[in-house]
Amino acid sequence: VQLQASGGGLVRAGGSLRLSCAASGITFSINVMGWYRQPPGKQRELVAAITSGGSSNYADSVKGRFTISRDNAERMVYLQMNSLKPEDTADYYCNAVPHKNSWGQGTLVTVSS
């Protein structure tokens, strides 16, 4: 399993970022995929998930601000993050839901106040 997230960076509060994740080594089209994040000093949490058919769910903390999407043909998962807050600062990872043991490369999002 290879999962490579990209698109993170430094942004001011209220700004936007779009994360991308390339997946390989899994049966992508039938898996529920998700974006997870791990804030500094805290545990990793699931923030958004999307089924193969495009139905999505979000953690309350990001609902209305984040949008998850996927391209099954390209084996890609995306996370559009708007109205970012300092508390969104974290390493972001994509993985299946439930997650596989291999986490792959995350991408750091830093939101300044």
Side-chain angles (χ1 to χ4, degrees):
V1 176
Q2 291 189 337
L3 302 158
Q4 184 162 346
S6 61
L10 174 63
V11 63
R12 289 185 178 180
S16 298
L17 283 173
R18 186 183 190 228
L19 306 185
S20 300
C21 174
S24 62
I26 62 173
T27 311
F28 183 86
S29 62
I30 65 172
N31 270 278
V32 177
M33 295 298 296
W35 281 96
Y36 300 75
R37 69 183 181 188
Q38 186 167 19
K42 297 184 179 180
Q43 290 189 336
R44 193 172 289 161
E45 61 177 350
L46 176 66
V47 297
I50 186 168
T51 68
S52 58
S55 297
S56 57
N57 281 291
Y58 300 91
D60 288 344
S61 58
V62 306
K63 198 171 293 183
R65 301 187 297 121
F66 290 12
T67 302
I68 189 172
S69 60
R70 65 190 290 166
D71 183 331
N72 290 333
E74 296 296 326
R75 305 171 66 84
M76 296 289 294
V77 188
Y78 304 99
L79 187 67
Q80 177 67 44
M81 306 187 296
N82 299 327
S83 303
L84 283 161
K85 304 176 180 180
E87 51 264 43
D88 295 319
T89 294
D91 284 305
Y92 284 73
Y93 303 84
C94 71
N95 208 321
V97 181
H99 64 79
K100 306 297 184 184
N101 290 332
S102 176
W103 280 97
Q105 179 181 320
T107 188
L108 177 62
V109 172
T110 304
V111 184
S112 64
S113 57

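Each residue takes its place number in the sequence, starting with 1.
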Name every donor-acceptor pair, under 3.5 Å, that has one atom in a side chain of residues 103-113 and the other anywhere in the protein, sequence neighbours excluded.
from, atom 1, to, atom 2, distance (Å)
Thr107, OG1, Gly8, N, 2.9

Would you be so kind as to tabulate the donor-acceptor pairs closer than 3.5 Å made by side chains of residues 64-75, with sequence neighbours excluded?
from, atom 1, to, atom 2, distance (Å)
Arg65, NH1, Ser83, O, 3.0
Arg65, NH1, Asp88, OD2, 2.7
Arg65, NH2, Ser61, O, 2.8
Arg65, NH2, Asp88, OD1, 3.0
Arg65, NH2, Asp88, OD2, 3.4
Arg70, NE, Asn72, OD1, 2.7
Arg70, NH1, Asn31, O, 2.8
Arg70, NH1, Ile50, O, 3.1
Arg70, NH1, Thr51, O, 3.3
Arg70, NH2, Phe28, O, 2.8
Arg70, NH2, Asn31, O, 3.1
Arg70, NH2, Asn72, OD1, 3.2
Asp71, OD1, Ala73, N, 3.1
Asp71, OD1, Glu74, N, 3.1
Asn72, ND2, Ser52, O, 3.2
Arg75, NE, Ala23, O, 3.1
Arg75, NH2, Ile26, O, 2.6

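Taking the side chain as every heavy atom from C-beta outward, Val97 and Tyr36 approach each other to under 4.5 Å. Gln80 places a side-chain heavy atom less than 4.5 Å from the side chain of Ser16.
Hydrophobic clustering keeps Leu46 apart from Leu3 (ILVMFWY residues linked when any side-chain heavy atoms are closer than 4.5 Å, directly or through intermediates). Following chains of ILVMFWY side-chain contacts shorter than 4.5 Å, one cannot reach Leu19 starting from Val32, and the two form parts of different hydrophobic clusters. In the hydrophobic clustering of ILVMFWY residues, with side-chain heavy atoms under 4.5 Å counting as a link, Val1 and Tyr93 come out apart.
Summarising the geometry, atom CZ belonging to Arg18 is positioned 11.5 Å from atom CE belonging to Met81; distances are rounded to the nearest 0.5 Å. The distance from atom CD of Gln4 to atom SG of Cys21, rounded to the nearest 0.5 Å, is 8.5 Å. Taken from CG in Asn95 to OG in Ser102, the straight-line distance is 7.5 Å, to the nearest 0.5 Å.
Tyr92 and Arg37 form a side-chain donor-acceptor contact under 3.5 Å, judged by distance and modelled atom types alone.
Within 6.0 Å of CD on Glu45 lie more than 12 heavy atoms contributed by other residues, nucleotides or ligands.
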side-chain contact (heavy atoms from CB on, under 4.5 Å), that's the test. Do Val47 and Tyr58 meet it? Break it down for me. CA-CA 6 Å; Val47 297; Tyr58 300 91; over 6 Å; no
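When all heavy atoms of Met76 and Ser20 are compared, the closest pair comes out as CE-CB, 3.9 Å.
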